[in-house]
Amino acid sequence: MTRILADLPDEDIKWLDQLAAEQGKSRAQILREAVAEYKSELRSSGNKDWLEIGFGAWKDRTDIGDSVEWQRRERASWTRPWDDDYEEVKAEYPDLFDEEDDRQRQIHLDMLAGKYPKPKKPHSR
């Protein structure tokens with residue numbers, strides 16, 4: 001077996017030592033097992049890319065209801081008052097928006113309409 005020298009942060013060494021003590025193993029044994037597990041994990045995934053590995057990962061989830069509808073709602077929650085689709089998204093998911101969102105939307109529309117004067121440039125000295 002070949003010996004190696006590896007630099008690890010002190011906090012990782014402390015963690016390894018604690019884990020080794022809990023399991024009654026040496027630090028080296030913990031590292032050998034970690035490398036073996038990592039190799040096994042890589043082999044089981046083959047040469048698949050991350051998209052292929054993750055495809056269908058949520059297919060059996062039952063806690064979110066219809067997954068497509070859940071995803072649409074999640075994306076809708078990212079909508080901001082200055083987004084072009086604000087009105088359509090708010091109509092579909094009104095509970096995601098409040099009076100402050102509507103106030104910010106009106107400010108945005110007023111700014112687009114030129115109702116607010118452009119800020120003056122500060123004087124330079």
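To the nearest 0.5 Å, atom CG of residue Asp85 and atom CZ of residue Arg80 are 11.5 Å apart. To the nearest 0.5 Å, the span separating OG1 on Thr62 from CD1 on Ile64 amounts to 9.0 Å. Atoms OG1 and CD, from Thr79 and Glu88 in turn, are 9.5 Å apart once rounded to the nearest 0.5 Å. Here the CH2 atom belonging to Trp15 is positioned 11.0 Å from the CG atom belonging to Leu8, to the nearest 0.5 angstrom.
The side-chain heavy atoms of Val89 and Phe97, taken from C-beta on, include a pair separated by under 4.5 Å. Contact annotation: the side chain of Glu92 never approaches that of Arg73 to less than 4.5 Å [non-hydrogen atoms, C-beta and beyond]. Side-chain contact between Met1 and Arg32 is present, with heavy atoms from C-beta onward closer than 4.5 Å. By the 4.5 Å heavy-atom criterion applied to side chains, Tyr86 and Asp101 are counted as neighbours. Residues Gln29 and Glu33 meet the side-chain proximity criterion, which asks for heavy atoms closer than 4.5 Å. For the pair Arg105/Leu109, a side-chain contact is recorded, criterion being any heavy-atom separation below 4.5 Å from C-beta on. For the pair Lys90 and Asp102, the minimum side-chain heavy-atom distance is below 4.5 Å. Residues Ile30 and Gln23 form a side-chain contact, since some pair of their non-hydrogen atoms from C-beta on lies under 4.5 Å apart.
In Asp10, the CG atom is not crowded: 12 or fewer heavy atoms of neighbouring residues, nucleotides or ligands sit closer than 6.0 Å. Within 6.0 Å of atom CG in Asp63, more than 12 heavy atoms from other residues, nucleotides or ligands are found, so the atom counts as buried in its surroundings.
A donor and an acceptor atom, one from each side chain of Asp110 and Gln106, are located under 3.5 Å apart.
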